[in-house]
Amino acid sequence: MDISTKQFRRCDLVKAEGRIDSNTAPEVRDAFEAITEDGRFRIVFDMSEVTFISSVGVWVLLETQKTCKRYNRGDLVIANVNEKIQHTLDLAGLLTFFRIYDDVLEAVGSF
Amino acid sequence: MDISTKQFRRCDLVKAEGRIDSNTAPEVRDAFEAITEDGRFRIVFDMSEVTFISSVGVWVLLETQKTCKRYNRGDLVIANVNEKIQHTLDLAGLLTFFRIYDDVLEAVGSF
Amino acid sequence: MYKATFPGRFKSLAEISEFVSRAINEIGFDETTAYMILVAVDEACTNIIEHAYGGEGQGDIQCSCDVTEDLVKITLRDRGEPFDPTTVPEPDFSVPLQELNCRGAGLVLIQKIMDETNFESTPDGENVLTMIKRK
Amino acid sequence: MYKATFPGRFKSLAEISEFVSRAINEIGFDETTAYMILVAVDEACTNIIEHAYGGEGQGDIQCSCDVTEDLVKITLRDRGEPFDPTTVPEPDFSVPLQELNCRGAGLVLIQKIMDETNFESTPDGENVLTMIKRK
Ligand SMILES: Nc1ncnc2c1ncn2[C@@H]1O[C@H](COP(=O)(O)OP(=O)(O)O)[C@@H](O)[C@H]1O
Ligand SMILES: Nc1ncnc2c1ncn2[C@@H]1O[C@H](COP(=O)(O)OP(=O)(O)O)[C@@H](O)[C@H]1O
């Protein structure tokens with residue numbers, strides 16, 4: 001799957017395109033880990049081009065969120081989450097673990 | 001002229017639309033002053049919808065830039081400057097006083 | 001009646017999704033419902049690969065979709081370990097982030113998305129998960 | 001030959017710009033050159049209002065555009081204070097930001113943009129600025 005990352009002064013932007021399922025979730029995790037293992041814990045995840053996410057994908061986000069929020073050092077926020085994905089997070093009872101922004105600019109500007 | 005401002009955590013975004021000439025430059029100055037007088041000195045000026053700027057408009061930007069950069073407390077950066085405006089700044093010999101970004105996201109992310 | 005067999009690999013998930021999507025297309029679910037059904041199927045197939053087969057490449061997943069005017073019945077069959085979902089306790093996600101145990105949302109989603117789910121392990125070693133979604 | 005008179009107010013600047021833009025349209029300058037001519041005209045008119053008239057509402061600005069196949073000649077007339085641009089020293093902008101004196105780019109721009117500029121104050125109290133831009 002296509003994943004791009006971009007480093008800003010105060011946060012990193014990760015954008016994934018396509019399906020995040022058991023097959024592709026590891027690639028997303030690698031992208032996040034490349035950032036957190038570099039000691040940066042403020043991440044914006046742009047989901048505008050994510051067409052599908054399963055619980056396995058959600059767990060990758062939440063493992064990353066745990067890493068980011070530990071010691072109050074950061075946050076993983078999500079931008080451009082479509083209704084269907086938002087509904088999935090909500091049904092699973094996991095929506096509350098994320099700050100969600102309407103667009104990437106708002107999300108980057110929040111750090 | 002239409003001017004909108006938006007406050008982010010680390011900077012303020014100002015967007016103006018239309019002509020910035022002797023007639024409208026005071027409105028732009030007011031928008032910047034509302035921010036700097038509030039004690040915020042990191043400003044992104046989105047020029048994507050600015051169709052024209054005269055030297056009077058450029059001076060407003062530079063007076064604001066002086067205020068922002070004083071005591072090293074901030075910066076006025078510009079985003080989405082079209083070629084014609086860039087050429088104007090260049091011809092006047094005033095281009096070097098600004099950090100210019102390709103888009104607002106880059107500019108906001110730079111703070 | 002749509003029926004197809006897929007190798008039990010994570011790569012098959014996108015294909016199974018495509019297959020189910022085509023099958024339920026004609027019944028005219030609203031976009032969100034159609035999408036959520038694909039989530040349930042993905043969760044179920046992931047569980048088959050991960051838990052019933054204990055990993056990729058251990059066996060096939062057979063998927064069939066029965067579409068009537070006002071419902072779809074999706075059946076998934078595998079030949080992995082038998083399983084009784086009623087033995088799985090409901091996970092508690094209303095905990096602080098750092099205490100969150102990052103697993104166990106799959107069954108929750110399947111149950112919340114589908115109107116009926118039934119799991120049976122047959123004597124000849126087949127596991128049959130039937131899921132019904134009404135319009 | 002395009003000719004029009006505008007009140008010496010900053011509000012007129014957009015209208016003058018429109019007027020000159022229409023006039024130079026037919027000669028087919030590239031977009032940037034056409035735009036830069038409008039910058040020069042804006043600078044000159046701002047100076048007339050601000051410096052020749054000493055403020056808004058003190059008199060008119062007459063603008064005419066002579067368009068030939070390969071050049072435009074723009075003439076601006078006012079009846080304000082006479083002025084000799086050669087007496088204005090060139091500003092130095094190559095200084096640190098905080099030492100920058102924020103004025104004096106108008107004449108610089110006019111001179112750099114136009115191919116020829118000529119300023120005359122006639123005995124009957126008219127100031128005539130002629131600016132030529134060749135294709
Ligand atoms: N098809 C299956 N075969 C065997 N065990 C299963 C199956 N599906 C689910 N399970 C068991 O139920 C548990 C909960 O499943 P699920 O809610 O999908 O979460 P997860 O797969 O993330 O653990 C699994 O950890 C597993 O022990
Ligand atoms: N039309 C004019 N009539 C009288 N004085 C003028 C005129 N144009 C320019 N000047 C003088 O030349 C100076 C430089 O003009 P300019 O480069 O346009 O910068 P600014 O108007 O910002 O001072 C002005 O400050 C003014 O003293």
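As a basis for the values below, the full set of heavy atoms in this structure was taken, side chains included, without hydrogen atoms, waters or symmetry mates. Predicted, not measured: the structure shown is a model, and the values here were computed from it. Per chain, numbering begins at 1; letters A, B, ... match sequence-line order.
Both the backbone and the side chain of C:V39 come within contact range of chain A, each with at least one heavy atom under 4.5 Å from a heavy atom of that chain. Residue C:E31 touches chain A through both its backbone and its side chain, counting heavy-atom pairs closer than 4.5 Å. Looking at C:D92, neither its backbone nor its side chain comes within 4.5 Å of chain A, counting heavy atoms on both sides. Of the two parts of C:E43, only the side chain, counted from C-beta on, holds a non-hydrogen atom closer than 4.5 Å to a non-hydrogen atom of chain A. Heavy-atom distances place the side chain of A:L94, and not its backbone, under 4.5 Å from chain C. Residue contact with chain A, scored on non-hydrogen atoms closer than 4.5 Å, is absent for C:I49. Interface residue C:V95: only backbone heavy atoms are found under 4.5 Å from chain A.
The local environment of CG in C:D84 is crowded, with over 12 non-hydrogen atoms from other residues, nucleotides or ligands closer than 6.0 Å. A 6.0 Å sphere centred on CD of A:E83 holds no more than 12 heavy atoms belonging to other residues, nucleotides or ligands. More than 12 heavy-atom neighbours from other residues, nucleotides or ligands sit within 6.0 angstrom of CG on C:D30. More than 12 heavy-atom neighbours from other residues, nucleotides or ligands sit within 6.0 angstrom of CD on A:E33. For NZ of A:K6, the number of neighbouring non-hydrogen atoms (other residues, nucleotides, ligands) closer than 6.0 Å is 12 at most. Atom CZ of A:R73 is surrounded by more than 12 heavy atoms from other residues, nucleotides or ligands within 6.0 Å. Remark: C:K73 NZ is loosely packed, at most 12 non-hydrogen atoms of other residues, nucleotides or ligands lying under 6.0 Å away.
Annotation: the span from C:K112 atom NZ to A:D90 atom CG amounts to 8.5 Å, rounded to 0.5 Å. With rounding to the nearest 0.5 Å, the separation of NZ in A:K84 from OG1 in C:T33 is 11.0 Å. Atom OG of A:S54 is separated from atom CG of C:L38 by 12.0 Å, given to the nearest 0.5 angstrom. With rounding to the nearest 0.5 Å, the separation of CG in C:D42 from CD1 in A:I20 is 11.5 Å.
Pairing each heavy atom of A:T88 with each of C:Y35, the nearest pair is OG1-CE2, 3.6 Å.
Here C:L13 is the residue among C:T32, C:I113, C:L13 with the most heavy-atom pairs under 4.5 Å with chain A. Residue with the most contacts toward chain C among A:T24, A:T96, A:V56, A:I53: A:I53 (heavy-atom pairs, distance under 4.5 Å).
Within the 4.5 Å cutoff, the side chain of C:M36 has heavy atoms near those of the A:L91 side chain. No side-chain heavy atom of A:Q65 sits under 4.5 Å from any side-chain heavy atom of C:L100.
Not less than 6.0 angstrom separates the ring centroid of C:F93 from the ring centroid of A:F97.
Panel note: side chain A:E63, backbone C:C102; no donor-acceptor pair is recorded below 3.5 Å.
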Q: Show your reasoning for whether side-chain contact (heavy atoms from CB on, under 4.5 Å) applies to A:D21 and C:T46.
A: CA-CA 9 Å; A:D21 59 17; C:T46 289; 6.0 Å; no

